[in-house]
Amino acid sequence: MSTSGMGRSAPVRGTRQRSPEAAIEGWGWGSIGVNVALGLLNLSIAVASGSIAVAAETLHNLVDLMASVAVLVGLKISQRRSESFPYGLYKVENVIAVGMAGLIFFTGFEITQQALFAHQRPTTVDPWMLVGVMLSAVIPLGFSHFELRAGRAANSPSLVADAQEYRTHVFSSGVVLLSLIGHILGLSLDRPAALLVVFFIARTGWGLLKDGMRVLLDASLDAATLAKVRRVVEDDPATVQIKTLTGRNSGRYRFLEAEVTLRKDDLKKAHAVSQRIEQAIRAEVPYVERVLIHYEPTGSIHRRDAFPLAHPDGSLSEHFGEAPYFALVTLRSADSAVEKHEVVENPHRKVPKAKGIRVAEWLVSQKVDRVVLKEDLQGKGPEYVFGAAGVEMILTEAETVSLALEDLSPKPGTRGSEEGHEQPA
Ligand SMILES: [Zn+2]
């Protein structure tokens, strides 16, 4: 078994766009600005009105402000990499999210105490306060729309969480607005409204805690991404079987590991194939930090040979692409005993163009290991298809499948050299 792994390479992105780090940083600063503005707005309303609900909302803004600062700090730290942290510090982003959750729960507890036990101060409500509270719902909603889009594009869990949290401001500010309107109508809704705002704050904390812990505990990549990776690996012509495939998140990066059986007998070629698979994965799935492919050459228990036939009786064709039939023979590698012998029609015989390449691709999909031919395909399309898939081409002078097989099977006394090809496990 061998392993191929590549370090970090830049995620695929357009040349005109900023790097994801720069984008996250920009939105992080924007979020700080929004939270400062909201905090000041609500603070002035809270002081002027004496409402506990507005005070709770101000604290809510403060919590959000700290979260935005934490996103920026996490981003800076997570870009570092050192000998002591060879896997990178991406999870700092998630550690910070979990730490924030603790802080948020504490804040919620404080406001709850206020709402339940503080002396009610006389509350005054002026029209400008109602406008201010409405603004503190509309501003974050607009900002979150664009921030969410940017966060998804940069695959940043902290930006996405920040944006989603802003959406709840419609509800928390809505509750505050109702309590102020209630006051004008002579209803005392301030304390219950403050408790509802606490509920929103706590919900934010729970979301941060849950998502952060999932990543910290190496929860699996989502099923859709894993399925996509599996498809990419399976699509490679040299792949015989995927034994295991796992993936995890770390910050906004993805780590993948796969055990694959490859139809390649020499390790150098197998290494090249595993790099090709890795590149294909990176092209399909963004933010892949590392792909580890453990590969082993085909177990060599069976071998599948293909023969172009002129006639189903087993006489070999002089041609490859034009051959009307193909014999597909499965042999036991140990003694070349035939285990299965089938004759199938060439499905691409009537195709006008690139017949040879189509037939070669079809044989690769039939998981053929060797093709035994009378026509030399050197320098032609099929040779490249077979080369990429690790399918061996063998020229024969024999007239029939059975004669060709006899030529190919190792003679007594020479079997040692055949087994010399087996790879160390
Ligand atoms: Zn908030």
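Just so you know, these numbers come straight off a predicted model, no measurement behind them. Indexing begins at 1, ligand by ligand and atom by atom, following the structure's order.
Applying the ring pair (Phe, Tyr, Trp, His ring centres under 6.0 Å) criterion to Phe307, with sequence neighbours excluded, gives no partner residue.
The aromatic ring centres of Phe199 and Trp206 sit 6.0 Å or more apart.
Scanning all heavy atoms of the two residues, the minimum distance from Asn61 to His169 falls at ND2-CE1, 3.7 Å. Ser68 and Ser31 make their closest contact through OG-OG, 3.1 Å (heavy atoms, listed as atom of the first residue, atom of the second, distance).
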For the pair Arg303 and Asp369, evaluate salt bridge (Lys or Arg N to Asp or Glu O under 4.0 Å) and give the outcome as yes or no after the intermediate values. CA-CA 6 Å; Arg303 193 174 274 285; Asp369 300 294; 5.7 Å; no
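Protein atoms of type N/O/S that fall under 2.8 Å from the Zn ion (ligand 1) number 5 in this view.
Under the 4.0 Å criterion applied to side-chain N and carboxylate O atoms, Glu339 and Arg304 are not assigned as salt-bridge partners.
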